[in-house]
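Notes follow the structure.
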Amino acid sequence: DYDYLGRVCYMDLSKLFEEVKKYLGETLISFRNKKRVNYAAKLMQDTDMKIVDISQLLGFETQWALDKHFKEIYGISPSEYRKQQNQQDK
């Protein structure tokens, strides 16, 4: 959680978010979502887990939230991505 991260970095949240954006070139939330979506893609490649289970495992409140962020990054839905991966494996 962000409050915890701020405490261990000895920064208030606004300073923490400012420093992260300066260092990474993107917001902390954007960085976190990219990491979660990329991990979701890896799980879809490497496992038979249901997409809803992957979304819950990675902390998305709903499968729709994963779908939204996934489309922003990959340009397709998680189910389309999985279909493409399955076709490539054949």
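- Atom CG of Leu24 is separated from atom NZ of Lys34 by 9.5 Å, given to the nearest 0.5 angstrom.
- Note that CD1 of Ile51 is 11.0 Å distant from CG of Leu43, once rounded to the nearest 0.5 Å.
- Leu57 has its side chain within reach of Met49: a pair of non-hydrogen atoms, C-beta onward, lies under 4.5 Å apart.
- Put simply, Tyr10 and Leu5 are part of two different groups of oily side chains (I, L, V, M, F, W, Y) that touch within less than 4.5 Å, one to the next.
- Between Thr62 and Ser55 the shortest side-chain heavy-atom distance does not fall below 4.5 Å.
- Side chain of Arg36 to main chain of Gly59: a donor-acceptor pair is present (N/O by atom type, distance under 3.5 Å, no hydrogens or angles).
- In this structure, the separation between CD on Glu19 and SG on Cys9 is 10.0 Å, given to the nearest 0.5 Å.
- Hydrophobic cluster membership differs between Tyr39 and Ile29, with clusters built from Ile, Leu, Val, Met, Phe, Trp and Tyr side chains linked at under 4.5 angstrom.
- Glu80 places a side-chain N or O within 3.5 Å of a backbone atom of Ser77 that can act as its donor or acceptor partner.
- Transitive grouping of hydrophobic side chains (ILVMFWY, heavy atoms separated by less than 4.5 Å) brings Tyr74 and Phe60 into a common cluster.
- Of the inter-residue distances, the one linking Met44 atom CE with Gln84 atom CD reads 11.0 Å to the nearest 0.5 angstrom.
- Ile73 CD1 to Tyr81 OH: the interatomic distance, rounded to the nearest 0.5 Å, is 11.5 Å.
- Taking the side chain as every heavy atom from C-beta outward, Leu13 and Asp3 approach each other to under 4.5 Å.
- A single hydrophobic cluster is not seen to contain both Val52 and Val37; linkage of ILVMFWY side chains at heavy-atom distances under 4.5 Å, directly or through other members, places them apart.
- One hydrophobic cluster, built from ILVMFWY side chains closer than 4.5 Å, cannot hold both Trp64 and Ile54; they sit in different ones.
- Contact record, Leu28 with Leu16: CD2-CD2, 4.5 Å, taken as the closest heavy-atom pair.
- Between Met11 and Phe17, every side-chain heavy-atom pair lies at or beyond the 4.5 Å cut-off.
- Between the CD atom in Gln45 and the CD atom in Gln88 there is a gap of 8.5 Å [rounded to 0.5 Å].
- By the neighbour-count criterion of 12 heavy atoms within 6.0 Å, atom CG of Asp48 is sparsely surrounded, having that number or fewer from other residues, nucleotides or ligands.
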